[in-house]
Student: 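Just passing along the structure, written as structure tokens.
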Amino acid sequence: MAKHLLLIDGNSIVFRAFFAMHSQIDKFTNQDGLHTAAIYGFKLMLDHVLDSFHPDAALVAFDAGKVTFRTKMYGDYKGGRNKTPEELTEQLPYVRELVQKSGLHSYELPNYEADDIIGTLAKQADDAGYETLIVTGDRDLTQLASDHTTVAVTHKGVTETEHYTPAHVEEKLGITPTQIIDMKALMGDSSDNYPGVTKVGEKTAIKLVKQFGSVEGLYDHINELKKSKMKEHLVDEEDIARQCKTLATILRDAPVKIGLQDLSYQGPQTEELIEFYREMDFKSFLKKMNINPDDDEEHLSTIKYVQLSKDNLDQLKQLTGEVSFYLEMPEANYHLSPFAGFVIGDGQHWFVSRETELLNQQPLKHILESTEIKKNVFNAKAQIVGLHRLGVDFRNVDFDLLLASYLLNTNDNSNDLGNVAREHGFNDVQTDEAVYGKGAKRTIPDDDQVFFDHLVHKAHAIDHLRVSLFKQLDENEQRPLYTDIELPLTRVLAEMEMTGVHVDAQTLKNMGSKLKERMAEIEAQIYEEAGEKFNINSTKQLGHILFEKLKLPVIKKTKTGYSTAVDVLEKLAPQAEIVEQILQYRQISKLQSTYITGLLKVIHSSDQKIHTRYLQTLTQTGRLSSVDPNLQNIPVRLPEGRQIRRAFVPSHEGWQIFSSDYSQVELRVLAHITGDKNLQTDFKNGEDIHAATARRIFHLQPDQKIDPNMRRRAKAVNFGIVYGISDYGLAQRIHVSRKDAHEFIQNYFKEFPNVKKYIHDTVDFAREHGYVETITHRRRYLPDINAKNFSRRSFAERTAMNTPIQGSAADIIKIAMIRMQDELQKHHLQAKMLLQIHDELVFEAPAEEIPVLQKLVPSVMDSAVKLDVPLKVESKFGDTWYDLKK
DNA sequence: ATACTCACG
DNA sequence: ACGTACGTGAGTATG
């Protein structure tokens with residue numbers, strides 16, 4: 001068998017590792033304050049590579065210094081680069097140490113780059129019949145790919161790589177690996193700072209290389225090119241092109257003083273590595289080696305506690321001030337989870353028990369229900385629901401660690417108390433995973449000591465973090481958001497979840513059997529057309545049938561094969577009958593699996609209701625989400641799917657479903673926060689906003705009729721503005737040319753100049769402060785806003801403009817929900833709020849209350865906040881969620 | 001576990 | 001020239 005050689009581009013991997021983890025740079029420091037993210041990332045990459053590639057020989061090549069033969073030849077080579085940050089340079093010696101202790105050789109050569117060392121040794125290896133793997137963060141090295149040399153380029157982090165073989169290069173660029181040199185010579189390289197030929201980019205470069213084979217071939221036949229600007233540039237800049245080719249060429253014969261025989265890989269020096277990991281604080285690697293990372297480190301603190309039973313409950317009478325409380329429910333779904341135990345205490349005295357029946361006994365029940373005694377918790381909604389199931393009405397939550405942490409930073413959030421505490425610099429508590437295990441092995445420990453100790457540390461963490469998180473909320477001007485919106489909302493959501501929505505199982509079952517018949521018919525037709533049976537749900541098998549057997553044109557690819565998504569199939573539908581049938585099959589199978597069997601599974605047998613959970617601390621924008629099941633995506637757009645809503649019925653005879661929704665709330669928010677006079681005028685005049693937009697951007701006369709197609713386009717532009725527009729995206733959506741789409745957008749900005757200004761200002765604000773805000777000071781941090789990578793940065797820019805809009809709309813409905821719940825109580829209504837679907841509230845109520853709701857609900861919703869434009873609310877009601885009528 | 005597809009606002 | 005709209009959750013296939 002051929003020998004295997006591993007060549008690693010040391011500097012480029014270190015750079016990649018450093019910047020991949022840059023957002024968490026301060027988390028990766030060891031006890032001496034040394035930054036370790038790059039070392040850590042390098043080690044991750046190393047493990048990952050050695051897992052699948054078992055080298056007989058291995059080398060990590062480093063750059064020897066700034067000066068190389070290339071800089072001597074071309075002074076600006078790699079010029080203009082930012083200075084390497086100190087946090088990175090300090091890590092380089094340790095990376096070398098890691099390399100050596102991991103059993104790999106390292107090498108550098110004055111005057112040459114790591115690339116040249118790799119190119120030279122890869123050539124020697126090819127000649128000697130080795131199989132070689134090159135690992136790098138630098139795409140330039142793909143020019144080294146050959147039949148026996150694969151180049152793995154790191155993708156996102158450092159462990160995800162894209163493997164370049166000559167075939168892969170051919171597929172991606174349509175040229176051979178060595179022609180990459182010619183391509184780069186013509187197009188230049190901005191990061192290495194050499195220019196290439198003026199106005200020649202990747203597309204043109206590839207075209208020329210394909211046509212002439214190489215830079216030399218091009219200039220031999222330059223006369224064959226038609227007269228053009230491009231030709232002039234090529235002729236004028238021949239010298240530049242030839243020089244760039246030299247710069248772009250990785251040497252295959254650098255004067256390296258080592259050979260393949262010097263590179264044998266013997267595996268890691270385990271003892272020394274362990275010592276090194278300890279020094280670096282790499283606990284996860286030590287754990288992988290089954291070594292306790294804490295052996296010579298501090299343990300968690302010892303906290304004293306008292307175990308409660310029915311005989312010593314009286315001791316709790318000493319708790320009269322503020323308490324921290326934690327009821328442990330091992331399963332995520334707190335509507336159903338068993339109870340494992342609880343802890344309560346005031347920071348001085350802690351009490352624990354597995355006997356959750358005690359919670360319903362005095363004086364414990366009194367403390368939990370008291371509106372005098374403040375409670376500190378982690379995830380108040382779960383605690384309210386859990387305690388409700390135990391017969392306790394949990395009141396007066398003051399501090400919710402999870403909720404406060406989410407408001408401070410939506411990015412680094414976790415549902416685990418241990419993780420959240422760590423985010424805030426408090427390490428004296430373990431994660432549930434560390435104590436209970438994960439996956440199938442997850443279990444509450446039998447050992448009282450272990451279990452109670454964990455509970456007490458959790459309560460202690462809550463108690464400890466209270467002051468500092470409140471302080472941070474104050475500093476961010478987020479205290480009212482927490483106190484007046486999110487915390488009261490928690491109780492409203494808990495009540496909605498506990499109320500649940502009544503779903504008629506028989507209706508679903510009847511629909512299910514009809515769908516099943518229809519599905520069998522379509523399935524038979526599909527097999528007929530295809531000439532064989534196959535799994536229609538398998539995109540792989542379906543791709544094979546459509547694109548290989550039936551030879552339909554490939555419109556779009558995914559990273560693993562052919563795309564068979566709706567937009568693709570719709571384009572193919574005219575060409576083959578089978579495609580339409582597949583679309584139908586998909587539609588029905590989605591309804592069947594997600595909405596018929598899916599919903600049937602989650603109807604509680606006790607009350608015939610579905611009790612979803614709203615996640616209040618998940619989305620990046622401040623919206624809610626809904627799980628187990630998701631009741632925010634019940635079909636409505638297509639008539640077939642809409643039928644599902646027939647199963648959503650009131651829970652009492654003679655009651656009705658009532659629903660109110662905000663009309664165009666996001667665009668109204670846009671009109672408000674941009675202060676754009678034209679947009680505000682259109683809303684104040686009560687215009688059909690998409691029609692009004694069409695009138696403006698297509699310059700129609702006041703008396704001119706708006707054809708539906710114009711309105712449709714204007715609507716798409718409005719959506720685009722809210723989402724962070726691009727001409728390409730808009731063009732795709734409304735099937736016009738990119739040029740036309742561009743013009744629509746330009747017209748829009750001319751007509752609504754303050755919208756344009758807002759977009760600019762918001763992105764600017766984000767660049768300067770690193771976050772954006774909604775009208776209630778809800779924050780979203782955008783670490784990528786200054787990213788070097790174009791697409792990451794663009795994405796951050798789009799979210800910068802979208803988040804204040806989507807997030808403010810979320811703020812508004814949250815305020816409305818809190819007031820709504822109050823009003824229902826104040827008016828002694830039996831009506832219950834059941835669902836929130838982003839801009840819509842769904843209720844059930846006795847028929848006689850419907851007229852009351854018709855006035856009350858819209859008035860509460862449209863006055864939730866005062867904007868510079870009116871908020872418009874529309875209501876409907878009916879016997880089921882399907883039958884809603886105005 | 002990850003990718004793909006598709007349901008909603 | 002880059003790579004496309006923003007925010008979610010769930011079911012199925014497959015490595």
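The sequence lines fix the lettering, A, B, ..., with proteins before strands; numbering per chain opens at 1.
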Student: For every nucleotide of nucleotides 8-15 of chain C, 5' to 3': is a protein heavy atom under 4.0 Å from its base (B), only from its sugar-phosphate (S), or from neither (-)?
Tutor: SBSSSSSS
Student: Between E433(A) and R442(A), is the closest basic N to carboxylate O distance under 4.0 Å?
Tutor: no
Student: For R711(A), what residues pass the salt bridge (Lys or Arg N to Asp or Glu O under 4.0 Å) criterion, not counting sequence neighbours?
Tutor: D688(A)
Student: Roughly how many Å is it from CD1 in I721(A) to P in dG7(C), rounded to a whole number?
Tutor: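 From I721(A) CD1 to dG7(C) P: 17 Å.
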Student: Can you pull out every salt bridge (charged side-chain N to carboxylate O under 4.0 Å, His left out) where at least one residue sits in residues 713-732 of chain A? Sequence neighbours excluded, please.
Tutor: D727(A)-R738(A)
Student: With sequence neighbours excluded, tell me which residues meet side-chain contact (heavy atoms from CB on, under 4.5 Å) with M496(A).
Tutor: V492(A), L493(A), Y614(A), M817(A), M833(A), Q836(A)
Student: Carefully, step by step, assess E162(A) and H168(A) under the rule side chain to side chain donor-acceptor pair (under 3.5 Å).
Tutor: CA-CA 10 Å; E162(A) 185 171 1; H168(A) 189 62; 3.0 Å; yes
Student: Classify T564(A) by what it touches in the nucleic acid, base, sugar-phosphate, or nothing, heavy-atom distance under 4.0 Å.
Tutor: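 It contacts sugar-phosphate atoms only.
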Student: Figure out the CG/C1' separation between D661(A) and dG9(B), and round it to whole Å.
Tutor: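 For the pair D661(A) CG and dG9(B) C1', the rounded distance is 11 Å.
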Student: Both K199(A) and R733(A) contact DNA chain C. Taking the nearest nucleotide for each, which residue is further toward the 5' end?
Tutor: K199(A)
Student: Using a 4.0 Å heavy-atom cut-off, does T799(A) contact any base of the nucleic acid, only the sugar-phosphate backbone, or nothing at all?
Tutor: sugar-phosphate
Student: I'd like to check the side-chain contact (heavy atoms from CB on, under 4.5 Å) partners of R733(A); sequence neighbours left out, ordered by chain and number.
Tutor: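 Applying side-chain contact (heavy atoms from CB on, under 4.5 Å) to R733(A) gives none.
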Student: Please confirm whether the shortest side-chain N or O distance from T560(A) to OP1 or OP2 of dC4(B) is below 4.0 Å.
Tutor: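 Yes, such a contact exists.
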Student: Report yes or no: do E497(A) and T612(A) form a side-chain donor-acceptor pair below 3.5 Å?
Tutor: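 The answer is no; no qualifying pair exists.
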Student: How close or far is atom P of dT5(B) from atom OH of Y585(A), stated in whole angstroms?
Tutor: 15 Å
Student: Suppose the criterion is salt bridge (charged side-chain N to carboxylate O under 4.0 Å, His left out): which pairs have a residue in residues 657-671 of chain A, not counting sequence neighbours?
Tutor: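 For residues 657-671 of chain A: R623(A)-E666(A).
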Student: D140(A): what forms a side-chain contact (heavy atoms from CB on, under 4.5 Å) with it, not counting sequence neighbours?
Tutor: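 Listed in chain order: D138(A), K184(A), D189(A), D192(A).
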Student: Between K872(A) and E874(A), does any NZ, NE, NH1 or NH2 come within less than 4.0 Å of an OD or OE carboxylate oxygen?
Tutor: yes
Student: How close or far is atom C1' of dC2(C) from atom NZ of K172(A), stated in whole angstroms?
Tutor: 13 Å
Student: Should the side chain of R637(A) and the base of dG9(B) be counted as holding a donor-acceptor pair, with the cut-off at 3.5 Å?
Tutor: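 Indeed there is one.
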Student: What contact category does S563(A) fall into here, base, sugar-phosphate, or nothing, at under 4.0 angstrom with non-hydrogen atoms?
Tutor: sugar-phosphate
Student: Please work out which residues in residues 738-746 of chain A have a non-hydrogen atom less than 4.0 Å from an atom of DNA chain C and list them by number.
Tutor: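 Residues of residues 738-746 of chain A under 4.0 Å from DNA chain C: R738(A).
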Student: R645(A): which residues meet the side chain to side chain donor-acceptor pair (under 3.5 Å) condition with it, sequence neighbours left out?
Tutor: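 Checked R645(A) against side chain to side chain donor-acceptor pair (under 3.5 Å); zero matches.
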Student: Distance between the C1' atoms of dC2(C) and dA7(B), in whole angstroms?
Tutor: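 Each nucleotide's C1' atom is 32 Å from the other's.
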Student: What is the distance, rounded to the nearest whole Å, between atom CG of L591(A) and atom C1' of dT5(B)?
Tutor: 14 Å
Student: Between dC4(B) and K559(A), is there an OP1 or OP2 to side-chain N/O distance shorter than 4.0 Å?
Tutor: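 Answer is no, no contact under 4.0 Å.
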Student: Rounding to a whole Å, what distance do you find between H838(A):NE2 and dC8(B):P?
Tutor: 12 Å
Student: With respect to the phosphate group of dT4(C), does any side-chain polar atom (N or O) of R798(A) fall under 4.0 Å of OP1 or OP2?
Tutor: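 Answer is no, no contact under 4.0 Å.
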Student: Taking atom P in both dA5(C) and dC4(B), what distance in whole Å separates the two?
Tutor: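 Result for the P pair: 14 Å, nearest Å.
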Student: Pick the closest DNA chain C nucleotide for T204(A) and for R780(A) by heavy atoms, then say which residue is nearer the 5' end.
Tutor: T204(A)
Student: Indicate whether OP1 or OP2 belonging to dC4(B) is found under 4.0 Å from a side-chain N or O atom of T558(A).
Tutor: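 The answer is yes; a side-chain N or O of T558(A) sits under 4.0 Å from OP1 or OP2.
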Student: If the cut-off is 4.0 Å, is R586(A) near the phosphate of dC4(B), judged by side-chain N/O to OP1 or OP2?
Tutor: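 For dC4(B), neither OP1 nor OP2 has a side-chain N or O of R586(A) closer than 4.0 Å.
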Student: Mind checking side-chain contact (heavy atoms from CB on, under 4.5 Å) for N633(A) and listing every partner two or more places apart, or none if nothing turns up?
Tutor: Y595(A), N630(A)
Student: Dot-bracket, DNA chain C: Watson-Crick or G-U, under 3.5 angstrom, [ ] crossing, | other strand?
Tutor: .....|||||||||.
Student: Answer with yes or no whether Q632(A) presents, from its side chain, a donor or acceptor under 3.5 Å of a partner atom in the base of dC8(B).
Tutor: no
Student: Are R623(A) and dG7(C) close enough that a side-chain N or O sits under 4.0 Å from OP1 or OP2?
Tutor: no
Student: Return the set of residues passing salt bridge (Lys or Arg N to Asp or Glu O under 4.0 Å) with E171(A) (not counting sequence neighbours), or none when no residue passes.
Tutor: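 For E171(A) there are no salt bridge (Lys or Arg N to Asp or Glu O under 4.0 Å) partners, ignoring immediate neighbours.
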Student: Rounded to whole angstrom units, what separation is found between the CG atom of D567(A) and the C1' atom of dT4(C)?
Tutor: 13 Å
Student: Take atom CD of Q806(A) and atom C1' of dG9(B), then tell me their distance rounded to the nearest Å.
Tutor: 8 Å
